[in-house]
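Just so it is clear: chains get the letters A, B, ... in the order the sequence lines come, proteins before strands, and each one is counted from 1. Side chains included, hydrogens not; waters and symmetry mates left out as well; all remaining heavy atoms used. This structure is a prediction, so every number in the text was calculated from the model and none was measured.
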There are 2 protein chains.
Amino acid sequence: MQLSRAAYVILGMVRLGRRTGYEIKSLVDVSTRFFWAASYGQIYPELKRLEEAGLLEGEDDPESGRRRRSHRLTAAGERALHDWLTSSEPLEHELRDEGLLKFFFADALEPDERAALLRRMREQYEGLRQRLLEIQPGAQAARDERGGEEFAYLTLEWGISHAGFMADWCARMERRVKEGD
Amino acid sequence: MQLSRAAYVILGMVRLGRRTGYEIKSLVDVSTRFFWAASYGQIYPELKRLEEAGLLEGEDDPESGRRRRSHRLTAAGERALHDWLTSSEPLEHELRDEGLLKFFFADALEPDERAALLRRMREQYEGLRQRLLEIQPGAQAARDERGGEEFAYLTLEWGISHAGFMADWCARMERRVKEGD
DNA sequence: TATAGCATGTAATTAGTTACATGATTAA
DNA sequence: TTAATCATGTAACTAATTACATGCTATA
């Protein structure tokens, strides 16, 4: 049974204690979405499929009047997640960065336009870095409170240093296109 | 008139002297595809649309028996490309990295499995770096021969140092998960 | 003479986002 | 009481890949 990547996102999130589609999406939006996005349009149908496949067990959990379906991993679900995590298939990797694409074509620009492009790119990466730094305290708390969110926290650190790498590269190029002026 | 990103890839590639769909795809495959991919299924229909919109001018160019359509930018095409390059719209940015996604869920793994994941990630980034280093001599030659491929070359340098950054990060994490063992 | 490369194109599929509808609960 | 948040779900759309069909030319 070949599962989609979205399915593994869900299995992993349920393993981290996110029981509902809503909770899964909320965590995705402040974590994996920087390297693997997922929308409601994927999450809810996939939750249903995973239940039907016996990898998740769902339970209606009224908690009052509000409708709410709570999920947990079955043994088969745990196994499917682990098999994917340890599989030796090539790891998918894909980047779309419009800034780099424009930079690739920057021979068509004037020196000041090149500098402006790099400044915008740098500002966007610095903005991303700021947003991640704002997420950090909450992530740190979650790591300390909950068991087993150590690696979630480490990917946040990756995000911060990666955004820093990109911003630095932009700054370096900015200086370079200005002196070549 | 709102153009797709693929349209700008094509306009930019034609500006760099790639006249046919085939030539465009060939350059994409060793350059932008590392930060912006494009397939034949996008390129040929888009070339036709850009001609119909008057941004490209196409000419059948038999060159013998083989069918071949040669394109060049019109003034409107040049303008559309320039407008996009200098536009202040937010720059799209999207990453999908299965290695990072697995790392995010690595609390579910044993210490040796974590190290194995990071080793595979590092090997993949080192492999990418090698492939880019192999492309480099050709890109350097193109930069020196042709006018106006300076920035194409600089994005290759970005790719090499970026792959290096990722490989180094993996190596650092590999050491870290081993000592926490 | 056969294989690799040049060259164009599209049909079918898959993946994914967007936008909306619905309604309960909690905090200001 | 009103806005924000919790919560589920899907229909319509858009984007993009894959896989194929076709056929010429140059080279080993």
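An OP1 or OP2 oxygen of C:dG9 is reached within less than 4.0 angstrom by no side-chain nitrogen or oxygen of B:Y40. Considering only side-chain N and O atoms, A:Y22 lies nowhere under 4.0 angstrom from the phosphate OP1 or OP2 of D:dT8. Under 4.0 angstrom from either OP1 or OP2 of D:dT8 there lies at least one side-chain N or O belonging to A:T20.
For the pair A:Q42 and A:R68, both in contact range of DNA chain D, the more 5′-proximal nearest nucleotide belongs to A:R68.
Protein atom NZ of A:K25 is 15 Å distant from nucleotide atom P of D:dA7, rounded to whole Å. The nearest whole Å value for the distance from the CG atom in A:D29 to the C1' atom in C:dT18 is 14 Å. If you measure from atom CG of B:D61 to atom P of C:dA7, you get 9 Å, rounded to the nearest angstrom. Rounded to a whole Å, the CD1 atom of A:I43 is 14 Å from the C1' atom of D:dC6. Atom C1' of nucleotide C:dT10 and atom CZ of B:R49 are separated by 13 Å, given to the nearest angstrom. Rounded to an integer number of Å, the gap from CD of A:E94 to P of C:dA15 is 13 Å. In this structure, B:I24 atom CD1 and C:dC6 atom P are separated by 15 Å, rounded to whole Å. As rounded to whole Å, 12 Å separates atom P of C:dG16 from atom CD1 of A:I10.
Within the nucleic acid shown, A:R96 comes within 4.0 Å of sugar-phosphate atoms alone, with no base atom in reach, counting heavy atoms only.
Under the ring pair (Phe, Tyr, Trp, His ring centres under 6.0 Å) criterion, A:W36 pairs with no residue at all, not counting sequence neighbours.
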Check nucleotides 26-28 of chain D against the protein and report each pair of N or O atoms closer than 3.5 Å, with its distance, or say if there are none.
none

